[in-house]
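Working notes, structure below.
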2 protein chains.
Amino acid sequence: MNQLRDHIERIVPLEDTEFETISSFFSYKKYKKHQFLIQEGELVPCNFFVLKGLLKLVYSDDTGKEHIVSFAQEDWWETDFAAFYTESRATMSLECVEDTEVLCLRLTDYRKLCAAVPQLEHFFLEKAYQGFIAAQQRIISTMTVGIKERYEQLLKKYPTLVQRVPKSLLAAYLGVSREALSRLSR
Amino acid sequence: MNQLRDHIERIVPLEDTEFETISSFFSYKKYKKHQFLIQEGELVPCNFFVLKGLLKLVYSDDTGKEHIVSFAQEDWWETDFAAFYTESRATMSLECVEDTEVLCLRLTDYRKLCAAVPQLEHFFLEKAYQGFIAAQQRIISTMTVGIKERYEQLLKKYPTLVQRVPKSLLAAYLGVSREALSRLSR
DNA sequence: GCGGTGATGTGACTTTTGTCACGCGAAAAT
DNA sequence: ATTTTCGCGTGACAAAAGTCACATCACCGC
C-alpha cells in the first residue's frame, strides 16, 4: 500500500491517520493475463490503481475491430471513466495485457473518501488535469504528425511500455493498421 | 455576471456572499473577430469564461498548417490549459472567430478563489472530468469512424456551433483537409 | 518433442485522403 | 461602387494507409 501513499503524496501530503482512512476504502485484487476488469455493456465496479502489471482500455467498434484508448501500467489509474462516474454501462472494456495487481475504489467509497479527507479532492483534480492535458496532446499529435513521428513520440514518452506491448497493440493504440506500423521499419 | 453564477450553480450551490467573493476575482474583457487572447510562445494570462461569442484554440504545426484543438462558445471555459496551469509558454493560440466577451481568471486568483470558496475546487474537478471524458471520446471517434460519421456526430452534438463556423475551420477541427470535408456533400 | 497459436514482416491491390489548381458567388473593405 | 478577400465546390493526380493473403519464427501447452 505504500505505493499508493507515495503516489498520493507526490501531490498532497498526508498524516498517518489520514492514510489509514484512505487505505481502508481500497480493496486489493489480482488478475491474470487476458482477464477482464471491465466488460463492455456492464456496470463499472471501480476505478483501478495499478500496483503491478499492465492493462489496456479497449473500445470495440461495430465491425469488431479493437481500438486501444489507453494503456495503464504501474501507478496509473484506469477505468471507463465516463461510465464509472455516471454509474452507467461501460462502452469500453478493461483487460489485462499481463498478470496484474490493482487497488479497487468503488464510486460510493470515492465520495466518502473525498468527504473524509478533503485534500484528496485536490489530488483527484490534479490527476484530472493531467489526464485532460495528456488527452488533448494526443489529439494534437494525431492531427499534426504522421504515423512515423507518432510512433517515435510514443517511444520517447513511454520507452518501457513499448517494450512490454506487442506491436499489434501499439498499432491499435496509435490508430493505424498493424501493417502500416510494420512498414515503418523499412 | 449572472451567467457565471448560473453556470457554477449547475454544479455547486452558492451563497450570495460567496458569489460576490468569486466575481471579485474575474475581470471582464471584450475582443473583436480575429483578435488573439493567447499568442503562441507567450505566457498565458488567464483561463477564459466565454460570455458571448466564439473562440478557436489553434495549434500550428511546423509547416504552418492550423489545427483546431477546440472551439469555445457561450458558457465554455477555454485556455491553453497546460501552459496556463504550469505558467509556461503557450504552444497554442486562442483567437476570436466572432466578436466575443469573456471573464478572465488569472492563475493566482484561481488559487485564491479555491482557498476562499472551497466548493469551487469541486466545481473545477467536475469540469476537468467533463473535459477529460470529452477529449477521450474525441480520440475514440477519430480512431473508429470515417470523416463522414465524424462530421455527422459533430452536427448532432453541436448543431448551433456548426452553423456559426465556416467549413474550412470545421475541417481543421475534424483533422481533415477542407477538400475532403467538401467531398462529403456528394 | 510436436502441433498450435501469436507476433511480425512483406507483397499486391484498393480505397481514402492530401495536394494543387481553378472557378464562382457572396461578403467585406476601401 | 468597385475591388479584394473569403467560403466553398470540383477535377486531376500523388501519397498514404487499409485490406487480404501468405510466410516465417518463437513460444506455449500437452
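The sequence lines fix the lettering, A, B, ..., with proteins before strands; numbering per chain opens at 1.
Annotation: side-chain contact (heavy atoms from CB on, under 4.5 Å) contacts of A:Val69 (sequence neighbours excluded): A:Leu57, A:Tyr59, A:Met92, B:Gln136, B:Ile140. A:Phe84 is linked by a ring pair (Phe, Tyr, Trp, His ring centres under 6.0 Å) to nothing, counting only residues two or more places apart in sequence or in another chain. By the ring pair (Phe, Tyr, Trp, His ring centres under 6.0 Å) test, A:Phe71 is found to be paired with A:Tyr173, residues two or more places apart in sequence or in another chain being considered. Remark: A:Phe19 pairs with no residue by the ring pair (Phe, Tyr, Trp, His ring centres under 6.0 Å) rule, at least two apart or across chains. Taking A:Pro118 as the reference, nothing meets the side-chain contact (heavy atoms from CB on, under 4.5 Å) condition, with sequence neighbours excluded.
The salt bridge (charged side-chain N to carboxylate O under 4.0 Å, His left out) contacts involving residues 76-94 of chain A comprise A:Glu87-A:Arg111, where partners must be two or more places apart or lie in separate chains. Applying the salt bridge (charged side-chain N to carboxylate O under 4.0 Å, His left out) rule to pairs touching residues 57-66 of chain B yields B:Lys56-B:Glu66, sequence neighbours excluded. Under the side chain to side chain donor-acceptor pair (under 3.5 Å) criterion, the residue pairs touching residues 142-158 of chain A are A:Ser141-A:Gln153, with sequence neighbours excluded.
A nucleotide of DNA chain C counts as in contact with chain B when one of its atoms lies under 4.0 Å from a heavy atom; the first and last such, 5' to 3', are C:dT17 to C:dA21. Put simply, chain B comes within 4.0 Å of DNA chain D, heavy atom to any atom, from D:dG7 to D:dA12, going 5' to 3'.
The ring of B:Phe124 has its center no closer than 6.0 angstrom to the ring center of A:His122.
Comparing A:Ile147 and B:Leu181 by the nucleotide of DNA chain D whose heavy atom lies nearest to each, the residue mapping closer to the 5' end is B:Leu181. If you find the closest nucleotide of DNA chain C to B:Gly175 and to B:Arg178, the one lying nearer the 5' end belongs to B:Gly175.
Counting any heavy atom pair closer than 4.0 Å across all strands shown, A:Lys65 reaches sugar-phosphate atoms only and no base atom.
By the 6.0 Å contact criterion, NZ on A:Lys29 is open, its count of non-hydrogen atoms from other residues, nucleotides or ligands being 12 or less.
Judged purely by distance below 3.5 Å, without hydrogens or angles, the side chains of B:Tyr85 and A:Gln130 never pair a donor atom with an acceptor atom.
Annotation: the terminal axes of the helix from C:dG1-D:dC30 to C:dT30-D:dA1 meet at 50°, where each axis is the rotation carrying the C1' atoms of four end pairs onto the next four (5 pairs per end, rounded to 10°).
Within residues 148-171 of chain A, the residues having any heavy atom under 4.0 Å from DNA chain C are, by residue number, A:Pro166, A:Lys167, A:Ser168.
In this structure, B:Arg5 contributes its side chain and B:Leu14 its backbone to a donor-acceptor pair below 3.5 Å.
Contact check for A:Asp6 versus A:Asp75: no side-chain heavy atoms found under the 4.5 Å cut-off.
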